[in-house]
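Excluded from the calculations below are hydrogen atoms, water molecules and symmetry mates; all remaining heavy atoms, backbone and side chain alike, are included. Just so we're on the same page: letters track the sequence lines, and every chain starts at 1.
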Amino acid sequence: MVVDLSVRLGRLTLANPIMPASGTFGPELAQAFDLDRLGALVTKSITPEFREGNALPRVAETENGLLNSIGIPGKGLDHFIEHGMPEWRRFAAPLVVSLSAPTVAEFARAAARLARTPGIAAIEANISCPNLEEDGRAFAMLPKTAAAAVAALRRASSLPLWVKLSPNTGDIAAVARACEAAGAEVLVVANTILGLAIDIETGRPKLGAGMGGFSGPAFKPIALRLVWQCAQAVRIPIIGVGGIMNAADAVESLMAGASAVQVGTASFIHPVAMPQVLEGLEEFCQRKGITRIGDLVGVALPRQVTGMAAE
Amino acid sequence: MVVDLSVRLGRLTLANPIMPASGTFGPELAQAFDLDRLGALVTKSITPEFREGNALPRVAETENGLLNSIGIPGKGLDHFIEHGMPEWRRFAAPLVVSLSAPTVAEFARAAARLARTPGIAAIEANISCPNLEEDGRAFAMLPKTAAAAVAALRRASSLPLWVKLSPNTGDIAAVARACEAAGAEVLVVANTILGLAIDIETGRPKLGAGMGGFSGPAFKPIALRLVWQCAQAVRIPIIGVGGIMNAADAVESLMAGASAVQVGTASFIHPVAMPQVLEGLEEFCQRKGITRIGDLVGVALPRQVTGMAAE
Amino acid sequence: MESAAVGRRYHRLEVAAPDLAARTRPGQFYHLLCRDAAGNGPFLRRPMSVWRIGAEGRLGFLLHVKGLGTSALARLRAGDQLSLVGPLGQGFTLRPGWRRILILARGVGLATLAPLTEAAAARGIAVQAVLSARAPEDLMAAEFAGGSGAIIDAVYDTDGTSEPPAVEALLRRRFATARPDAVFTCGSNRLFQLLQRLAAEYDIPGEVALEQQMGCGLGMCFCCVRPIRLADGSVAQQRVCTEGPVFDLQQALAW
Amino acid sequence: MESAAVGRRYHRLEVAAPDLAARTRPGQFYHLLCRDAAGNGPFLRRPMSVWRIGAEGRLGFLLHVKGLGTSALARLRAGDQLSLVGPLGQGFTLRPGWRRILILARGVGLATLAPLTEAAAARGIAVQAVLSARAPEDLMAAEFAGGSGAIIDAVYDTDGTSEPPAVEALLRRRFATARPDAVFTCGSNRLFQLLQRLAAEYDIPGEVALEQQMGCGLGMCFCCVRPIRLADGSVAQQRVCTEGPVFDLQQALAW
Ligand SMILES: Cc1cc2nc3c(=O)[nH]c(=O)nc-3n(C[C@H](O)[C@H](O)[C@H](O)COP(=O)(O)OP(=O)(O)OC[C@H]3O[C@@H](n4cnc5c(N)ncnc54)[C@H](O)[C@@H]3O)c2cc1C
Ligand SMILES: Cc1cc2nc3c(=O)[nH]c(=O)nc-3n(C[C@H](O)[C@H](O)[C@H](O)COP(=O)(O)OP(=O)(O)OC[C@H]3O[C@@H](n4cnc5c(N)ncnc54)[C@H](O)[C@@H]3O)c2cc1C
Ligand SMILES: Cc1cc2nc3c(=O)[nH]c(=O)nc-3n(C[C@H](O)[C@H](O)[C@H](O)COP(=O)(O)O)c2cc1C
Ligand SMILES: Cc1cc2nc3c(=O)[nH]c(=O)nc-3n(C[C@H](O)[C@H](O)[C@H](O)COP(=O)(O)O)c2cc1C
Ligand code: FES
Ligand code: FES
């Protein structure tokens, strides 16, 4: 049985619903498998200016999860367009550029630059990266600040606009609705949740920066819940991210209302995690007699509030 | 070496910092060990009126955590005072009554009743139980609603007032400060975080209620971060809750700024978890040459913002 | 510890625990930490009925190997440790003066009822049993009867004899011939409903052992409730781990 | 797979991997999934230097058994599987024309430098080594030298010979007598700083292999950076997994 794995995300149609999560991926992974098997490629977040990144160590593990405090280091937008883009353009899969900026104006200026750069399929606005200097605050913490950033991005560029939300907000549904209203075409749910680990021998936090972003399997039930809440709040498609390690996890995210999924931390443990998720997803559909991957989307949502396809 | 395990929590001094988390404990545990070894006893949340509880199943497990949607079932405050209290008064350890109510007025009325009931050492106001009918909203989601509940409770009763916060808020520090200002004597950080799990064979949520509260080891890095944020926001003592399975976890919570800890889910896996945590804590202090448990409190906090004892 | 497969889908596990065995009554359960020798297994414990209460101080469990927990238990071998909490819950009632009982069990439900059979035999109570299984190889009649001498009717999905109408006809014949003083069941919602109706019609007392996912197993969390019709006609959520797992046949509600 | 304890705190692990061995250069590392046969071990992979690149297609690692990852690896036995990603990173440089090199290693740092010793010997380059260890039983001179014929000075904490002033005096003597064309180090911040200073004074090129906690091991996450002084004098965060783990001795900064 042939399964139609293609997914429609706003103006884009992807060959399949599997793509990397920003910051956990790079052209380096082409050593492990053919990146053009992915539904899309997503760059690490690019900032307008050079950024040093956070104090060391930047990574710590928990029993079933990962804490990181990378801090979006990078050489800035000019360097990305000049040196990063040519590298990405070697691949045929649609390229999504993740963009982060400290202010609305800088977000808009950078988006305008990207819109003039050939070879970009969509912008993923990372309005959710926990800003550690402000105790984890980010645009995506409140509907108002999120909408302001999204509206400015919408005006600045005509590229498909994906918006990545934060699990650290107290009201994800309101933030999702505000982003939809401000012109987001796709919601990416979600970035890492703030966490902490302490080395009890030294009495110091395990990360140099203190707190960090928590990802991986331990985060999955929370990420799924956020997808489920957003799917009931908006009509635009959702990309599920958080703790997806295998095909069963991807199915769970689709059933919770995601139209596609991103795989992050899993690639650190198994560089071939993404093609494996893709194969497993196809096998699941075959076993269940599902001919279109879209038929899985949102089946677990409460019946009354969803207009989506159900079994 | 003798370790002084006693802790001061507002007006109360407890013999040691280990106590159960509300809803995961009952006099039934006396079959497993002598409950008077605990620093305090904490009842499941009592509501003014009879409550049926949520749909079934009410529990689901993840790789390293637990989802529950119990829904605070119970026979109400009258029944608790008449039948519950005599059972609790068989124990010598201080009794903390967890109280939950749907409105500020009902919270206050119930607290006034408890203040007139002999044998209660403190009230733990559960202003954080995710109210599933309102998409997880609770008093503890916002500083304003939290402060309103706390202020009313403060006026209604002269008992020591502990306030249990929610991890589902977007600004735990602001909620903590609001509770402190409104008269909370101790903060209990934190209740469960909203999560979801789906049975991919049936396409339905694993819990009858859909979403549920997530607890256990997978939740620990988040719970620790909340303790750490609150410890930097307020001067009143904090009780750390979330994912504490063993003594090392308890030490981590103390180092993050908690003065005492509550153990929840761990008791389901090992009914003797609490006395084991207590023994391990004492051994840790002995190995490290720490003579007062209070010397561990907050040692991992950023130096500049804490006035607490550090090594 | 003794560990052995039983047929294709079942497994028995026997541990030496003389103190516990002496305190365990038929129908009670244990909460087992399902971790294999390497420590792998699900996060929560699993409730398991006591299937054998050996005179030699052995405690036996009969598992339907189904998911994470039961498969971890089935990986245990002689010499491995098993962490168990129990005995827990309320067992079956055998009133003085009863001479004959009838047991209706399906699948692994027979594990829960097996110790009742032995206890009845020990008191000289005759046991008439109807066992339902997918196929003859799944029946486990020997695992059920032990040395109790119970008289067994077997019904199967494979030949249609386990269909409710066929079982109803069989039960009516047994009610007429064996005239049980009480009936007991476990393991199937359909059979429970059938037995509840017939027992009411014949005015025979009875009990049913229920299942429910558990958190603590100790009565503390209220995860494991089932709706039960109380004596006053009202319906209340009762804890399977504490008020149950054995409930009055007429008070239990179908699930 | 071959697995054996080395002394009290070390362990060697050798796997048959001819394709990988053929592509591996001294100083490179592999990212190992540290799961024992039962699947227990830490969440993240651990970077491990290649310690042996066997002619017979074997790849060897030498572990200092310290925490979750290394102890899970030390539990592996013949017949078990090991998931490895690599070879990764930049190896050591041996420039044509060099005749003599000096190696300064401490603890398990010698694992990283051992294949360099073998490679040097194969090119007819003489190796003078100073190995530092807690005590004679921790030295592992044989594990370091293999069949390379390296000349080894051993210094120990137990007799004070490993103190920086003593090591400095020893190094100055060796610089004078052995006149190395290049120097290499790994395993100690103090010894790195000492060698950096002396090599600058004697104007000898050198390299150091650095460590850092890793996320992906593939250059994607920027978890593993170290500050490195670039040719233009500026300091930039470089990835140990990609630009390293081997860096120019003068460009690396103390940690
Ligand atoms: C009082 C009591 C006595 C029991 N006695 C026995 C016994 O003697 N032998 C035996 O094999 N099993 C018994 N069970 C069931 C047992 O506790 C396990 O739940 C069951 O074996 C599945 O566990 P698992 O980990 O293998 O499967 P899982 O991976 O947990 O689950 C497999 C499937 O079973 C469902 N399931 C899990 N637990 C239950 C439950 N309690 N009730 C209904 N469905 C459930 C899950 O939702 C899932 O769909 C008993 C349960 C109770 C409450
Ligand atoms: C390029 C490279 C090559 C390496 N080669 C070897 C080798 O050949 N043999 C060997 O035994 N080890 C080597 N290491 C270190 C190894 O990766 C492990 O980190 C280390 O052995 C501890 O792992 P663990 O899981 O046993 O201990 P853990 O439980 O992870 O940690 C024990 C302690 O070590 C600290 N730690 C963990 N990882 C590192 C690190 N990378 N650097 C500094 N401190 C750390 C932890 O913070 C903790 O305090 C290498 C590291 C790198 C980066
Ligand atoms: C090391 C690391 C770096 C990350 N960097 C970024 C980033 O630059 N931009 C971004 O939007 N998200 C970033 N994330 C978040 C991931 O894209 C993803 O949202 C999160 O890790 C949850 O998914 P996972 O559990 O599959 O890893 C990063 C995550 C990790 C672990
Ligand atoms: C089954 C269950 C029931 C709970 N009931 C309550 C409750 O009634 N009141 C309350 O304040 N918290 C309740 N909680 C939350 C716990 O008290 C605790 O805050 C949370 O479980 C995190 O701690 P843990 O990871 O140690 O379990 C409950 C938790 C569980 C697992
Ligand atoms: S399982 Fe906790 S009350 Fe029954
Ligand atoms: S470990 Fe990820 S970049 Fe080096």
Side-chain angles (χ1 to χ4, degrees), chain A residues 20-32 42-45 50-75 197 199 201 206-209 212-219 243 245 264-273, chain D residues 19-20 23 28 30-35 39-47 66-70 72 81-90 189 210-228 230 234-244 253-255:
Chain A
S22 174
T24 65
F25 177 70
E28 295 86 354
L29 208 57
Q31 298 160 38
V42 183
T43 71
K44 81 175 92 281
S45 291
F50 169 86
R51 295 255 290 244
E52 177 85 332
N54 286 330
L56 295 162
R58 291 177 174 182
V59 68
E61 68 192 343
T62 67
E63 256 176 90
N64 235 327
L66 180 69
L67 282 165
N68 87 77
S69 58
I70 312 292
I72 322 193
K75 296 185 176 154
D199 181 335
E201 296 304 324
K206 286 191 180 171
L207 295 177
F214 190 45
S215 63
F219 172 50
M245 302 296 282
T265 305
S267 296
F268 294 5
I269 318 296
H270 294 291
V272 293
Chain D
D19 292 0
L20 298 177
R23 286 159 44 202
Q28 287 192 302
Y30 281 80
H31 216 194
L32 305 188
L33 193 64
C34 304
R35 304 279 158 85
N40 289 316
F43 184 63
L44 289 174
R45 287 175 181 262
R46 295 287 187 268
K66 192 155 89 169
L68 286 177
T70 45
Q81 299 284 315
L82 175 68
S83 163
L84 31 79
V85 174
L88 299 169
Q90 312 301 324
N189 188 24
L210 298 182
E211 291 197 3
Q212 183 57 280
Q213 255 112 320
M214 292 193 180
C216 68
L218 296 170
M220 306 190 296
C221 73
F222 289 77
C223 287
C224 66
V225 297
R226 287 267 180 205
I228 301 293
L230 300 185
S234 69
V235 171
Q237 299 289 351
Q238 303 262 295
R239 293 164 297 183
V240 169
C241 72
T242 304
E243 283 86 31
L253 300 181
W255 60 95

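Atoms NE2 and OG, from H270(A) and S83(D) in turn, are 6.0 Å apart once rounded to the nearest 0.5 Å. Atom CZ of F43(D) sits about 7.5 Å away from atom OG1 of T62(A), to the nearest 0.5 Å. Going from atom SG of C223(D) over to atom CG of L66(A) covers 6.5 Å, rounded to the nearest 0.5 Å. Q213(D) CD to N68(A) CG: the interatomic distance, rounded to the nearest 0.5 Å, is 13.5 Å.
Nearest heavy atoms, P42(D) versus E61(A): CB-OE2, 3.4 Å. The nearest pair of heavy atoms linking C221(D) to F268(A) is CB-CZ, 3.5 Å.
The shortest side-chain heavy-atom distance between R45(D) and P271(A) falls under the 4.5 Å cut-off.
Only the side chain of I70(A) comes within contact range of chain D, judged by heavy atoms closer than 4.5 Å. Heavy-atom distances place both the backbone and the side chain of L218(D) under 4.5 Å from chain A. At a 4.5 Å heavy-atom cutoff, the contact between E63(A) and chain D is made by backbone atoms alone.
By number of non-hydrogen pairs under 4.5 angstrom with chain D, the leading residue of G65(A), S267(A), P73(A), G23(A) is G65(A). Chosen from N64(A), L56(A), L29(A), T24(A), the residue pairing most often with chain D at heavy-atom distances under 4.5 Å is L56(A).
Under the 3.5 Å distance criterion, the side-chain polar atoms of K44(A) are matched with a main-chain donor or acceptor of M220(D).
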